[in-house]
There are 2 protein chains.
Amino acid sequence: MTEQMLDRGRSLPRAKDTSQRNHNLHVASRKRALAKILKAGEVVFGRRGFDGATTAEIAKEAGVSKATVHYYFKTKSDLHKGVLDRILNVWADALNEVRADREPADALARYIARKMEYARKYPELTRLWAIEVLSGAKRIQPFLRGTSRQILSKKGKVIRHWIATGKMDPIDPTHLFFMIWATTQTYAETEAQMISITGKDALDKVFMRKATNTISHVILKGLGLIKV
Amino acid sequence: MTEQMLDRGRSLPRAKDTSQRNHNLHVASRKRALAKILKAGEVVFGRRGFDGATTAEIAKEAGVSKATVHYYFKTKSDLHKGVLDRILNVWADALNEVRADREPADALARYIARKMEYARKYPELTRLWAIEVLSGAKRIQPFLRGTSRQILSKKGKVIRHWIATGKMDPIDPTHLFFMIWATTQTYAETEAQMISITGKDALDKVFMRKATNTISHVILKGLGLIKV
DNA sequence: GTCTATAGCGCGATAGAC
DNA sequence: GTCTATCGCGCTATAGAC
């Protein structure tokens, strides 16, 4: 997001014969408008996917006209990139719970809890990411090949360290992370399915707490981190 | 699928002044054409989602003209329904591995293996289903509220029976099934992401065998079914 | 039954008034 | 900066020849 905003910010005309105060006002309203449109993009892209979403619906969701959306983001694709950029950082950040100086049970429980919290708090972003991956991940390729790969290898080493020091079962870190990502994100991704099958709101606080406990129990015990 | 095909079959005009032999030939070519188009629908819908897919691309994939696609399926939406119908049965069928007369470790290991096999064999169908669920599950609502709910409650009882007889840890069956679905399907759903991150083909036979072993180990042990 | 050609329209994007 | 009005493309769906 940040790059996107800065890029456009730099290329926009500036008022030259007006007061600094006025300029600041404009900057503030720019920010508000941008935030509104990005938020709307999150919701609508998360609901409909890239092709299913229309700029008209995004504009309506943001409470502005279609032309205004195109004023801030030249193309639909630009807006989509802007929205995606936000999720990448949060995604990478949560993995910092996995640290070698922690006990594996503690670190992994925190990571799982954090991912679940995130699915509950930002279901649209989670779904948006899922749609992107499902449809070939073309737009997020650079991030996956760069940041993701790097972080995964770094955190994989932490897991292998825990295994080497006999703290947990010898489980391939890559598959372990895939498991954690899948089990946590599924609560946002398949919310509609869960509601239809169980009759309960999948992102309800109580339901999610129970889910978190279950996932934590199965995974931690499955790794040999709970003995009982 | 079957309903769809039968419905359309019944409503189509029949040759009246031609031989039975000719009629049979027509029926056979009808079946072939239908199968080609449905298979193409699977691939293209699985690749692009409903809105991203175009009837032109489906026609090309099937090796027929756009008009021919519309001849067999009046609307794009009809074809989509036809494709979805196929996945529902397989989905429900795999759960039959979970039976009260089996040992839980055996039954669940088989079920997990079956789901993984399925993800490897029919990645397009798996992705198609995922896209459908992600975008609100409107089109599969009847199936979810009917068959899915019914099966889940039946199989949930099996799990609870195992728990009651002290064979496994007291884990909520619903969340357990969500875990199994998420961890197995993710290999088809996030194939693109996995390739970018690991540099390996996520649906490769060896990679998948390792994944199956890892998932089985963690889940079975996590349920108290492996003691070591 | 399958094709080519085209109707009809929804959508992304832009021009231009305010 | 935000709007209304509109352009023009690309898509679904159909008409009609073979």
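In the text below, chain A, chain B and the rest are named by the order of the sequence lines, each starting its count at 1.
Here the C1' atom of nucleotide D/dA13 and the CD1 atom of B/Ile37 are 15 Å apart, to the nearest Å. Following rounding to the nearest Å, A/Leu79 (CG) and C/dC11 (P) show an atom-to-atom distance of 16 Å. Regarding B/Glu57, its CD atom lies at a distance of 15 Å from the C1' atom of D/dT12, rounded to whole Å.
Sorted by first and then second residue, the salt bridge (Lys or Arg N to Asp or Glu O under 4.0 Å) pairs involving residues 172-182 of chain B (not counting sequence neighbours) are A/Lys210-B/Asp172. Among residue pairs with one or both ends in residues 48-67 of chain B, those qualifying as salt bridge (Lys or Arg N to Asp or Glu O under 4.0 Å) are B/Arg47-B/Glu57, B/Arg47-B/Glu61, B/Arg48-B/Glu57; sequence neighbours excluded.
OP1 and OP2 of C/dG1 both lie 4.0 Å or more from every side-chain N or O belonging to B/Thr68.
The salt bridge (Lys or Arg N to Asp or Glu O under 4.0 Å) test applied to A/Asp204 returns no partner, not counting sequence neighbours. Applying the ring-ring contact (aromatic ring centres under 6.0 Å, His included) test to A/Phe177 and every residue at least two apart in sequence or in another chain returns nothing. Take B/Arg209 and apply the salt bridge (Lys or Arg N to Asp or Glu O under 4.0 Å) test, not counting sequence neighbours, and it matches no residue.
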When you compare the protein's N or O atoms with those of nucleotides 12-17 of chain C, which come within less than 3.5 Å of each other, and at what distance?
{"residue": "C/dG12", "atom": "OP1", "partner": "A/Ala53", "partner atom": "O", "Å": "3.3"}
{"residue": "C/dG12", "atom": "OP1", "partner": "A/Thr55", "partner atom": "N", "Å": "3.4"}
{"residue": "C/dG12", "atom": "OP1", "partner": "A/Lys76", "partner atom": "NZ", "Å": "3.0"}
{"residue": "C/dG12", "atom": "OP2", "partner": "A/Thr55", "partner atom": "N", "Å": "2.9"}
{"residue": "C/dG12", "atom": "OP2", "partner": "A/Thr55", "partner atom": "OG1", "Å": "3.0"}
{"residue": "C/dG12", "atom": "N7", "partner": "A/Lys66", "partner atom": "NZ", "Å": "3.2"}
{"residue": "C/dA13", "atom": "OP2", "partner": "A/Lys76", "partner atom": "N", "Å": "2.7"}
{"residue": "C/dA13", "atom": "N6", "partner": "A/Lys66", "partner atom": "NZ", "Å": "3.0"}
{"residue": "C/dT14", "atom": "OP2", "partner": "A/Lys74", "partner atom": "NZ", "Å": "3.4"}

List the steps, then state whether side-chain hydrogen bond (donor to acceptor under 3.5 Å, both in side chains) holds for A/Thr126 with A/Glu189. CA-CA 7 Å; A/Thr126 305; A/Glu189 290 166 8; over 6 Å; no
